[in-house]
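Read the structure below first, then the notes.
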Amino acid sequence: MQRSQDPHRYDDLIDLPHPVSARRPRMPVSERAAQFSPFAALTGYGDAIAETARLTDARLELDEETQRLLNRRVALLRQAAPDRPLVRVTCFEPDAAKDGGRYVTLEVRVRGVDLAGGRLLLEGGGRLPLADVIALEGDCFSGTEPDDAE
């Protein structure tokens with residue numbers, strides 16, 4: 001029988017004690033497992049790929065009719081501002097990392113409209129640029145639209 005196929009070739013090692021170093025302490029199991037963790041040769045590469053793959057929306061250009069309606073609602077909101085109306089504002093939120101952004105809808109209380117600065121003044125000190133706003137909705141606009149007069 002060949003030596004490599006002998007099922008008893010390590011019988012002399014089975015009963016030997018496990019070797020223990022006199023100079024080095026035994027490594028904890030948690031550290032022993034870490035040496036087998038995957039190696040990332042390009043640190044941050046996966047994050048860069050994920051960032052590139054993340055989609056953003058382009059800023060919309062409003063048509064004339066939608067812009068006219070929005071301007072009318074801003075004027076109404078300016079008149080109603082002393083009452084601090086609750087309004088749903090859909091606006092563009094630019095992305096800090098890349099071109100584009102996303103559209104978000106916020107429910108806010110408006111305390112004023114700064115036409116010179118081009119922004120909505122919100123309760124609590126927040127400000128929204130009017131250039132980013134694409135829609136305004138709320139009870140303060142009901143009964144004021146031409147379609148509502150019917």
Side-chain angles (χ1 to χ4, degrees), residues 4 10 13-150:
S4 63
Y10 296 115
L13 298 174
I14 285 290
D15 295 323
L16 291 178
H18 182 76
V20 177
S21 172
R23 289 186 286 161
R24 298 182 192 192
R26 188 173 172 108
M27 183 184 289
V29 173
S30 61
E31 290 180 30
R32 287 182 22 209
Q35 65 187 327
F36 298 106
S37 63
F39 173 67
L42 301 173
T43 305
Y45 183 68
D47 293 339
I49 294 292
E51 176 62 23
T52 303
R54 186 172 56 85
L55 298 177
T56 56
D57 295 326
R59 187 184 297 262
L60 297 175
E61 285 293 322
L62 300 179
D63 61 38
E64 287 183 34
E65 183 58 34
T66 305
Q67 188 63 52
R68 194 174 302 120
L69 173 66
L70 189 59
N71 289 341
R72 191 168 41 235
R73 286 188 172 194
V74 167
L76 290 169
L77 190 56
R78 189 170 181 222
Q79 292 173 356
D83 296 332
R84 305 272 201 257
L86 182 63
V87 179
R88 281 179 307 287
V89 180
T90 303
C91 61
F92 185 75
E93 185 179 84
D95 193 290
K98 61 198 278 189
D99 287 341
R102 65 186 183 128
Y103 281 93
V104 295
T105 300
L106 310 168
E107 271 201 11
V108 295
R109 289 215 176 267
V110 177
R111 66 177 174 86
V113 178
D114 176 11
L115 291 178
R119 56 192 170 206
L120 292 177
L121 306 175
L122 309 179
E123 203 169 69
R127 297 173 181 181
L128 284 176
L130 285 170
D132 292 342
V133 175
I134 64 163
L136 291 168
E137 299 171 4
D139 292 340
C140 63
F141 306 119
S142 62
T144 61
E145 304 301 326
D147 295 354
D148 294 341
E150 296 175 4

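- A distance of 9.5 Å separates CZ in R68 from OG1 in T66, rounded to the nearest 0.5 Å.
- Contact check on D57 versus R102 returns no salt bridge, with no Lys/Arg side-chain nitrogen under 4.0 Å from an Asp/Glu carboxylate oxygen.
- Counted within 6.0 Å of CZ on R127, heavy atoms from surrounding residues, nucleotides or ligands total 12 or fewer; the atom is thus considered open.
- A side chain to side chain contact (heavy atoms under 4.5 Å, CB included) with V110 is found for one member of L121, L128, L77, L136 and no other, namely L77.
- Between atom CG of residue D99 and atom OG1 of residue T56 there is a gap of 7.0 Å, rounded to the nearest 0.5 Å.
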Output side-chain donor-acceptor pairs under 3.5 Å for residues 83-92, partner residues at least two apart or in another chain, one line each.
residue	atom	partner	partner atom	Å
R84	NE	E123	OE2	3.4
R88	NE	E137	OE1	3.4
T90	OG1	T105	OG1	3.1

Can you check side chain to side chain contact (heavy atoms under 4.5 Å, CB included) on V113 and L130, steps first, answer last? CA-CA 9 Å; V113 178; L130 285 170; 4.3 Å; yes

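- Side-chain atoms of K98 come within 3.5 Å of backbone atoms of R54 as a donor-acceptor pair (strictly under, hydrogens ignored).
- Closest of all the heavy-atom pairs between R59 and A131 is NH1-O, 3.9 Å.
- Of all non-hydrogen atoms in V133 and L62, the two that sit nearest each other are O-CD1, 4.2 Å.
- In this structure, R111 places its CZ atom where more than 12 heavy-atom neighbours from other residues, nucleotides or ligands lie under 6.0 Å away.
- Counting heavy-atom neighbours within 6.0 Å of E107 CD, excluding the residue itself, gives a total above 12.
- E31 CD: more than 12 foreign heavy atoms inside a 6.0 Å radius.
- At distances below 3.5 Å, at least one donor-acceptor pair connects side-chain atoms of Y103 with backbone N or O atoms of L60.
- Side chains of Q67 and N71: a donor on one and an acceptor on the other come within 3.5 Å.
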Stepwise, does the side chain to side chain contact (heavy atoms under 4.5 Å, CB included) test hold for R73 with R78? CA-CA 8 Å; R73 286 188 172 194; R78 189 170 181 222; over 6 Å; no

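- Rounding to the nearest 0.5 Å gives a distance of 11.0 Å between CD of E51 and CD1 of I49.
- Between C140 and A80, the closest heavy-atom pair is CB-CB, 4.3 Å.
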In sequence, state the C-alpha distance, the side-chain angles, and the governing distance for D139 and S142, and then conclude on side-chain hydrogen bond (donor to acceptor under 3.5 Å, both in side chains). CA-CA 5 Å; D139 292 340; S142 62; 5.4 Å; no

